[in-house]
Amino acid sequence: MGDSFPSQERIPDVLMGNLSKAAVQPQGKIKQLAKFATVGVMNTAVDFVVFTALVYGLGAASALAQTISYLCGFLNSYVMNRNWTFRSEKRASAGEVVRFAVVNAVSFGVSMAILLGLEKGLGWSPLAGKIVSVIGSLAVNYVGSKLWVFRESARNQEV
């Protein structure tokens, strides 16, 4: 009978009477997700403004405009997520920057494939393709940032 009863470590905090820890963790996660979403909106705004200015204002090809606008959003994203969303107090490391770059390279590839697939393959306008490409990019960025890039900082925020 003793072996079939779950150990205390596997019983959720709320069932063990530790309401404060159980209550704080979801609120912290929701707040962090809201911050990430806010930074994402800011990054998207930077990305869209630069992309639109380059394509429609300067006549740049959409692939070149996508590269430049994505880089601008990338820089904004790293600074804002590191300092505000995940509140990293330690000095930035080369490993962290490389992880962030890898996540963003994958995200860039996803966004570029969607953009060019819709524009060149299906005949959509560059702006319509761009709107859809943002969805794939945001999904890859959140998962990668949360689980890999800022994982130590994210753990510190949960308790």
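When the side chains of ILVMFWY residues are joined at heavy-atom separations under 4.5 Å, either directly or via intervening members, V143 and I135 end up in two distinct hydrophobic clusters. Connection of I131 to V55 is established within a shared hydrophobic cluster, with ILVMFWY side chains joined at heavy-atom distances below 4.5 Å, either directly or through further cluster members. Under the 4.5 Å side-chain heavy-atom criterion for ILVMFWY residues, no single connected hydrophobic cluster contains both F100 and V140. M42 and W84 fall within the same hydrophobic cluster, where Ile, Leu, Val, Met, Phe, Trp and Tyr residues are linked whenever their side-chain heavy atoms come under 4.5 Å apart, directly or through other members. The hydrophobic cluster containing V110 also contains L122, counting ILVMFWY residues as joined when their side-chain heavy atoms lie under 4.5 angstrom apart, directly or transitively.
By the 4.5 Å heavy-atom criterion applied to side chains, M80 and K35 are not counted as neighbours. Within the 4.5 Å cutoff, no side-chain heavy atoms of N43 are placed close to those of F74. A heavy-atom distance below 4.5 Å is not found between the side chains of V79 and L75. Contact check for F51 versus Y70: no side-chain heavy atoms found under the 4.5 Å cut-off. The closest side-chain heavy-atom distance from W148 to V102 is below 4.5 Å. Contact annotation: the side chain of L116 approaches that of S62 to within less than 4.5 Å [non-hydrogen atoms, C-beta and beyond]. V132 has its side chain within reach of W124: a pair of non-hydrogen atoms, C-beta onward, lies under 4.5 Å apart.
The two residues L115 and G129 come nearest to each other via the heavy atoms CD1-C, 3.6 Å. Nearest approach of N141 to S107, heavy atoms of both residues: ND2-OG, 3.0 Å. In terms of heavy atoms, I114 sits closest to G136 at CD1-CA, 4.2 Å. Taking both residues in full, the closest heavy atoms of S145 and V103 are given as N-CG1, 4.3 Å, listed atom of the first, atom of the second, then distance. Closest approach of Q32 to T85, counting heavy atoms only: O-CG2, 3.6 Å. Of all the heavy atoms in M112 and T67, the pair that sits closest is CE-OG1, 4.0 Å.
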Note to self: S111 vs Q66, test: side-chain hydrogen bond (donor to acceptor under 3.5 Å, both in side chains). Steps then yes/no.
What the structure shows: CA-CA 9 Å; S111 70; Q66 174 75 347; 3.1 Å; yes
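For T52 (side chain) and F48 (main-chain N/O), a donor-acceptor pair under 3.5 Å exists by modelled atom type. Distance alone, capped at 3.5 Å, places no donor-acceptor pair between the S77 side chain and the G73 backbone. Here the side chain of S137 pairs no donor or acceptor atom with the backbone of S133 at under 3.5 angstrom.
Residues E119 and K130 are not paired through a salt bridge, judged by the lack of any N-O separation under 4.0 Å between the basic side chain and the carboxylate.
Remark: K146 is not positioned above the aromatic ring of F36, lacking an NZ or CZ atom under 6.0 angstrom from the ring centre and at most 45 degrees off the axis.
Here the CG atom belonging to D47 is positioned 11.5 Å from the CD1 atom belonging to I68, to the nearest 0.5 angstrom.
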